[in-house]
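So the structure is just underneath, and the comments pick up after that.
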Amino acid sequence: MTTVRLSQVTTEQACLRCFDVMRELRPHLQGSRDFVDQIMRQRVLGYRLLAAWEERRVVGLAGYRLTENLLYGRFVYVDDLVVGAAGRRHGLGARLLAAVRGEARAAGRRHLVLDTGLGMALAQRFYFRQGLLSRGLHFVEALSVEEAGS
């Protein structure tokens, strides 16, 4: 793997280049234009997308929010963490997570929180190796007919 640089995705053009890697994590995403529109909407609400670039190609992503609630106080929530299949096993996931962790600490956040699927054993092992501990279960209820089938 050649040199990889990390940078925030702030433009629609850069966001479009992230679509294929994000689809590895979120295969339900339909089209690249819808993806870009959603990321731009989420950015207005505080979502940040950190991309790992190998030259002009995105090889990994971390999507996260600096937020606050009564349970954790001020914390960072990692919505999305993915490294493309070709870039795995090079420490890139750890590097992305470390960058998010560093930004959160610099912003005075007290916790890093993320969710992963119960069947994602490889991801869970990775998170344990990164120092994250499981502290609960995540419950979901579909509130629309469209979501009830998925």
Side-chain angles (χ1 to χ4, degrees), residues 1-69 72 75-104 107 109 111-130 132 134-150:
M1 186 168 231
T2 62
T3 303
V4 174
R5 68 179 170 81
L6 303 182
S7 67
Q8 291 291 330
V9 173
T10 59
T11 68
E12 289 187 13
Q13 181 181 4
C15 188
L16 187 58
R17 299 180 100 147
C18 298
F19 179 69
D20 289 336
V21 171
M22 186 63 82
R23 258 192 100 181
E24 290 189 40
L25 178 66
R26 309 281 182 227
H28 67 277
L29 294 173
Q30 294 298 309
S32 59
R33 186 71 245 165
D34 289 341
F35 167 73
V36 170
D37 291 346
Q38 182 166 349
I39 294 297
M40 292 300 131
R41 284 192 311 272
Q42 288 180 203
R43 279 182 44 78
V44 172
L45 300 172
Y47 179 85
R48 300 173 189 195
L49 187 59
L50 180 65
W53 297 84
E54 187 176 57
E55 296 183 16
R56 297 181 49 83
R57 185 172 63 97
V58 173
V59 293
L61 296 165
Y64 60 98
R65 297 171 279 145
L66 300 177
T67 189
E68 184 171 5
N69 68 19
Y72 297 112
F75 69 103
V76 61
Y77 182 82
V78 178
D79 294 89
D80 312 293
L81 181 64
V82 59
V83 173
R88 293 184 190 140
R89 307 230 185 273
H90 297 284
L92 191 50
R95 187 171 163 201
L96 283 162
L97 201 53
V100 171
R101 188 181 287 122
E103 182 180 338
R109 297 321 202 231
H111 298 278
L112 184 145
V113 178
L114 61 78
D115 292 321
T116 191
L118 293 174
M120 303 286 290
L122 293 176
Q124 292 165 20
R125 286 198 307 234
F126 169 77
Y127 297 136
F128 284 127
R129 286 194 312 272
Q130 297 306 307
L132 283 84
S134 58
R135 296 187 50 191
L137 290 174
H138 182 91
F139 292 90
V140 176
E141 175 187 6
L143 298 176
S144 69
V145 174
E146 298 84 34
E147 295 300 318
S150 56

- Task: For the pair Arg17 and Val36, evaluate side-chain contact (heavy atoms from CB on, under 4.5 Å) and give the outcome as yes or no after the intermediate values.
- Result: CA-CA 9 Å; Arg17 299 180 100 147; Val36 170; over 6 Å; no

- Evaluate the side-chain contact (heavy atoms from CB on, under 4.5 Å) criterion for residues Val4 and Arg95: first the C-alpha distance (whole Å), next the side-chain angles of each, then the deciding distance (0.1 Å), finally the verdict. CA-CA 10 Å; Val4 174; Arg95 187 171 163 201; 3.7 Å; yes

Please table the atom pairs, donor to acceptor, closer than 3.5 Å between any side-chain atom in residues 111-122 and protein atoms at least two apart or in another chain.
from	atom 1	to	atom 2	distance (Å)
Asp115	OD2	Tyr77	OH	2.6
Asp115	OD2	His138	ND1	2.9

How many angstroms lie between atom [atom1] of [X] and atom [atom2] of [Y], to the nearest 0.5 angstrom?
X     : Y     : atom1 : atom2 : value
Ile39 : Asp34 : CD1   : CG    : 11.5 Å
Asp79 : Leu61 : CG    : CG    : 12.5 Å
Gln42 : Gln38 : CD    : CD    : 4.5 Å
Tyr64 : Leu97 : OH    : CG    : 11.0 Å
Leu29 : Met22 : CG    : CE    : 7.5 Å
Cys18 : Leu49 : SG    : CG    : 5.0 Å

- Can you name the residues that form a ring-ring contact (aromatic ring centres under 6.0 Å, His included) with Phe19, not counting sequence neighbours?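 Residues passing ring-ring contact (aromatic ring centres under 6.0 Å, His included) with Phe19: Phe35.
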
- Please list, chain by chain and in numerical order, all residues satisfying ring-ring contact (aromatic ring centres under 6.0 Å, His included) with Tyr127, sequence neighbours excluded.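 With neighbours one apart ignored, the set is empty.
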
- Query: Please, which pairs that meet ring pair (Phe, Tyr, Trp, His ring centres under 6.0 Å) have at least one residue in residues 40-60, sequence neighbours excluded?
  - Reply: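 Sorted pair list comes back empty.
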
- Item | Salt-bridge present (Asp37, Arg41; N to O < 4.0 Å) |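 Here Asp37 does not pair with Arg41 in a salt bridge, since their nearest N and O are not under 4.0 Å apart.
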
- Identify whether the distance between the nearest side-chain nitrogen and carboxylate oxygen of Glu12 and Arg43 falls below 4.0 Å.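 Result for this pair is no, no salt bridge flagged.
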
Which heavy-atom pair separates [X] from [Y] by the least distance, and what is that distance?
X     : Y     : value
Glu55 : Arg5  : O-NH2, 4.1 Å
Gly84 : Val21 : N-CG1, 4.0 Å
Leu92 : Ala52 : CD1-CB, 3.7 Å
Glu24 : Ala85 : OE1-N, 2.9 Å
Gly93 : Val83 : N-CG2, 3.6 Å
Leu81 : Ala62 : CD1-CB, 3.9 Å

Does a side-chain heavy-atom distance below 4.5 Å link [X] with [Y]?
X     : Y     : value
Gln30 : Arg23 : no
Thr67 : Val76 : no
Val82 : Arg26 : no

- Kindly say whether Thr3 contributes a backbone atom to a donor-acceptor pair with the side chain of Glu54 at under 3.5 angstrom?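 Side chain of Glu54 to backbone of Thr3: no pair is present.
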
- Item | Partners meeting side-chain hydrogen bond (donor to acceptor under 3.5 Å, both in side chains) with Arg48 (sequence neighbours left out) |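 Residues passing side-chain hydrogen bond (donor to acceptor under 3.5 Å, both in side chains) with Arg48: Glu103.
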
- Could you pull out all residues at least two apart from Arg135 that satisfy side-chain hydrogen bond (donor to acceptor under 3.5 Å, both in side chains)?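 Partners of Arg135 under the side-chain hydrogen bond (donor to acceptor under 3.5 Å, both in side chains) test: none.
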
